[in-house]
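Report on the following structure.
Residue numbers begin at 1 in each chain, while the letters A, B, ... track the order of the sequences.
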2 protein chains.
Amino acid sequence: MTPDRPLRADAARNRAALLDAAAAEFAEQGLEASVADIARRAGIGKGTVFRHFPTKDDLLAAVVLDRIDGLASLARTLIPAADAGAALLEFMGAAAGRQRQLDLSFLREAGGVNERLDGARSELFEAIIALVERAKSAGAIRPDVTGMDVILLMCAPNHVVSFVPGAPPELWRRYLAIIFDGLRPAGANPLPHPSPG
Amino acid sequence: MTPDRPLRADAARNRAALLDAAAAEFAEQGLEASVADIARRAGIGKGTVFRHFPTKDDLLAAVVLDRIDGLASLARTLIPAADAGAALLEFMGAAAGRQRQLDLSFLREAGGVNERLDGARSELFEAIIALVERAKSAGAIRPDVTGMDVILLMCAPNHVVSFVPGAPPELWRRYLAIIFDGLRPAGANPLPHPSPG
DNA sequence: CCCTAACGTGACCAAGCGGTCCGCTTAACG
DNA sequence: CGTTAAGCGGACCGCTTGGTCACGTTAGGG
């Protein structure tokens, strides 16, 4: 599949710089950040970007893949935690406490353009579902919410905060706390619509 | 200020069709909907769009203004309601139960490019704050949330739902219910960060 | 009915986008 | 070293977008 002859030194260096720059630029500008800006930030030419990634979407996929893998391994680490409720809250905090836009983009990419990304996403979802089930069993969250609910609500704090102009960097914690309180069993009211697939 | 000589009949007709088409197109495509598409949908030429609104942002502002005014008048209607908690929930439902993207765009438009829009926004905010204060006094929501919190959380359900591909049209109600449960006093945990201005 | 000012329109423009390509540079191995 | 292929980069292409303009059309008061 992948002969993967090792990259030349300068190529590897540029690729790393490119990924860093792309992550930063996507985080700041949203996913309509231009390839030219990313290249400039990385200190390389635009052509070099397309040498490493055939298309802008592939570049985005690589950045997103990093992030998904990081979140998935964190989730797996947290599954056996003693306090399942705290573990879920910590995970949601890690998911929310990043820069804007990128966060749920891996959900949006519906079609299986990128197989590795699809696999990583599935693994992440499974880990999240396990976290949620453990938290439910422990009585830390209400029984009528699903893993999918948590996945969807995960980065709402981040999104919400993006609307306040000079937002303090920790403001998202406030909205995560409110939303998480909504996930707790105490005072839960019946939900008016079933959870999506 | 505004001499406002009445529009010619055809101009008024076109303007109305344009606003309708713009609202629909922005709702469906998000705010990157193209002016050409909007014009086509309205059944008029692209040039006519720019005759009525000097810039695309002005057109968007007009659409948003309609929406803000509608929400503001609904909020004012709801302020004296007997059940202040139910009134707030109904308002948040009305705010969420619209098409995607447009919802919080009026928050985003920071700079006072459009004076009328700024005024309408202020009025809307004041009405929401009144609703929230009444709900707090009635004990329907926790005392540590502010009007601004509600404004920010208002359309999160809508946003969250936009990530599930073939989402049922009422799915947002589920997430509004969860978030609203997080606003209730029952089982509320202390919030880790002060509310923004 | 007619004249004019208001209005409508589609060709047109400049800017920015993702993506391509080919001549130059340079890392790495014998 | 010297050779060579991998790597680099910026000019370039096709396309779309927001916005303009000169021209033809039409509403509507006199």
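The pair A:Lys56-A:Glu32 does not meet the salt-bridge criterion, since no charged nitrogen lies less than 4.0 angstrom from a carboxylate oxygen. With respect to A:Glu126 and A:Arg76, no salt bridge is recorded, no charged nitrogen being found less than 4.0 Å from a carboxylate O. Look at B:Asp181 and A:Arg142 and you find a salt bridge, because one of the NZ, NE, NH1 or NH2 atoms lies within 4.0 Å of a carboxylate O, short of that distance.
In this structure, A:Arg51 places its CZ atom 13 Å from C1' of C:dT26, rounding to the nearest Å. The distance from atom CG of B:Leu18 to atom P of C:dC7 is 14 Å, rounded to the nearest whole Å. At whole-Å resolution of the value, CZ in A:Phe53 and P in C:dT20 are 15 Å apart. In this structure, CG of B:Leu31 is placed 15 Å from P of D:dT17, rounded to the nearest angstrom. Between the P atom of C:dA27 and the CG atom of A:Asn14 lies a distance of 11 Å, rounded to the nearest Å. The CD1 atom of A:Ile38 sits 17 Å away from the P atom of D:dG10 (whole-angstrom rounding).
At distances below 3.5 Å, not a single donor-acceptor pair connects side-chain atoms of A:Arg40 with backbone N or O atoms of A:Val35.
End-to-end axis angle of the helix from C:dC1-D:dG30 to C:dG30-D:dC1, from C1' rotation axes over five pairs per end: 10° (rounded to 10 degrees).
Between B:His52 and C:dG8 there is a side-chain N or O to OP1 or OP2 distance below 4.0 Å.
Between A:Gly47 and B:Val49, the residue anchored closer to the 5' end of DNA chain C is B:Val49, taking for each the nucleotide with the nearest heavy atom.
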Which atom pairs link the protein and nucleotides 16-19 of chain C when you take only N or O atoms and keep those under 3.5 Å?
from   : atom 1 : to      : atom 2 : distance (Å)
C:dG18 : OP1    : A:Lys56 : NZ     : 2.7
C:dG18 : OP2    : A:Val35 : N      : 3.0
C:dG19 : OP1    : A:Thr55 : OG1    : 2.4
C:dG19 : OP2    : A:Thr55 : OG1    : 3.1
C:dG19 : OP2    : A:Lys56 : N      : 2.6
C:dG19 : N7     : A:Lys46 : NZ     : 3.4
C:dG19 : O6     : A:Lys46 : NZ     : 2.3

Between the protein and nucleotides 26-30 of chain D, are there any N/O to N/O pairs under 3.5 Å, and if so, what are the atom names and distances?
from   : atom 1 : to     : atom 2 : distance (Å)
D:dT26 : O2     : B:Arg8 : NH1    : 3.2
D:dA27 : O4'    : B:Arg8 : NE     : 3.4
D:dG28 : OP1    : B:Ala9 : N      : 3.0

